[in-house]
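Just so it is clear, the structure is predicted and the values come from calculations on it, not from any experiment. Letters A, B, ... are given to chains in the order of the sequence lines, protein chains preceding strands, and every chain is numbered from 1.
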Amino acid sequence: MNDNIGIVVVSHSAHVAQSVAAMSHEMSGGRIKISHCGGNDEGGLGSHVGDIIRAIGDAWSDQGVAIFVDLGSTEMNSKLAIDSFEKDKAGKIAVMNAPLVEGVITATSIATDGESLKEIQQMLKNMGL
Amino acid sequence: MIRGEALKYVLQYVARAVVEIEQELNALDRAIGDGDHGCNMSRGFRSVLDQADQVNYGSLSVVMTFVGRTLMSRIGGASGALYGSLFVHMGNALPEEAETEVNFDSFVLAFESGVDALKELGGSDINQKTMLDVMIPVLNLLKSGQNLSLTTVAEFAELQSRSTIEMRAEKGRASFLGDRSIGHLDPGARSSQLIISSICKALTLI
């Protein structure tokens, strides 16, 4: 399990984040660590940097962590979350440039084969998702 | 430069001004966004007010960092990330030691560092109907070396904010509207202008 990257699902909606993570979890058969976050404290839509930092910690793998986001502010908050880690750790975390659902599903299937974060990033790019 | 009770006065003045226009910001955001800019900004600045008695006003850097961290954690969304980064980067660029004097030039440099962080984080620039349409021109005005009055800066910020009405949104959720975003004042430009104008106003009152 430690040979695979971790995946973080970040959405404005807690339900979307949870459901996408559940799909990924089932597909991976528990072979990769997947965490999720989304929504605000009042149960509405939103994205908070603190939640993302926690989710990165939950999915942490020394092989790296791939973050998938939906709208612009989840991307911005994810970048801030990455900046909050020490340099050597921050260098192993990246926001993926791919649609949330398709990206997570694709990355899950690639990641269970032990591909590195860079390889996954490149494969997602080549797929033109 | 400003510190102590005067700095606390300016901070509270600005925070109250943002809280007061909550409804207006919500209305602007309803037109081209999701309608919560006022609620979010107000939540962030109310938290600043709640903690205002516990801040060390001896250092502008410490105050900026406090404001940035509070906004980042309490506003959330894009506004929390952007305003949080602006103030945190300004705080980082200023000398932390209370005894180090901050002059106008070093303040402008710190502001530039904050605006650069905004550009980088939002992947945005001028003329895209965002808060940068206020921040960048005001920064350039401050850097111009002209002899400026506080009123001039405040009025200039307002003029820049209104210039976003005719712009087409290229960033953020408003960009989904394309041409339909034209004709509306950008909520982020309005809140940026309000913060700048309120700082200027508060400085004339101390």
Would you mind telling me which of Asp186(B), Ile75(B), Leu25(B) makes a side-chain contact (heavy atoms from CB on, under 4.5 Å) with His37(B)? Leu25(B)

Contact between Glu96(B) and Thr65(B) at the side-chain level, heavy atoms closer than 4.5 Å - yes or no? no

NE2/His12(A): more than 12 non-hydrogen atoms of other groups inside 6.0 Å: yes

Look at the aromatic rings of Phe107(B) and Phe111(B) and report parallel, tilted or perpendicular, splitting at 30° and 60°. parallel

Would you mind checking which part of Asp51(A) comes under 4.5 Å of any heavy atom in chain B, side chain (CB onward), backbone (N, CA, C, O), both or neither? neither

Determine, step by step, whether Asn77(A) and His48(A) satisfy the side chain to side chain contact (heavy atoms under 4.5 Å, CB included) criterion, reporting the C-alpha distance in whole Å, the side-chain angles of both residues, the deciding distance to 0.1 Å, and the verdict. CA-CA 6 Å; Asn77(A) 279 305; His48(A) 274 268; over 6 Å; no

Among Asp34(B), Asp36(B), Leu82(B), the residue with the most heavy-atom pairs under 4.5 Å to chain A is Leu82(B)

Side chain / backbone / both / neither for Ser79(B) at chain A, heavy atoms under 4.5 Å: neither

Run the salt bridge (charged side-chain N to carboxylate O under 4.0 Å, His left out) test on Arg162(B) and Glu158(B) for me, step by step, so that the C-alpha distance in whole Å, both residues' side-chain angles and the decisive distance to 0.1 Å come before the verdict. CA-CA 6 Å; Arg162(B) 283 203 301 269; Glu158(B) 199 172 334; 3.2 Å; yes

Could you give the distance from CG (Asn127(B)) to CG (Leu132(B)), rounded to the nearest 0.5 Å? 10.5 Å

Residues of residues 168-185 of chain B with any heavy atom under 4.5 Å of a heavy atom in chain A: Arg173(B), Phe176(B)

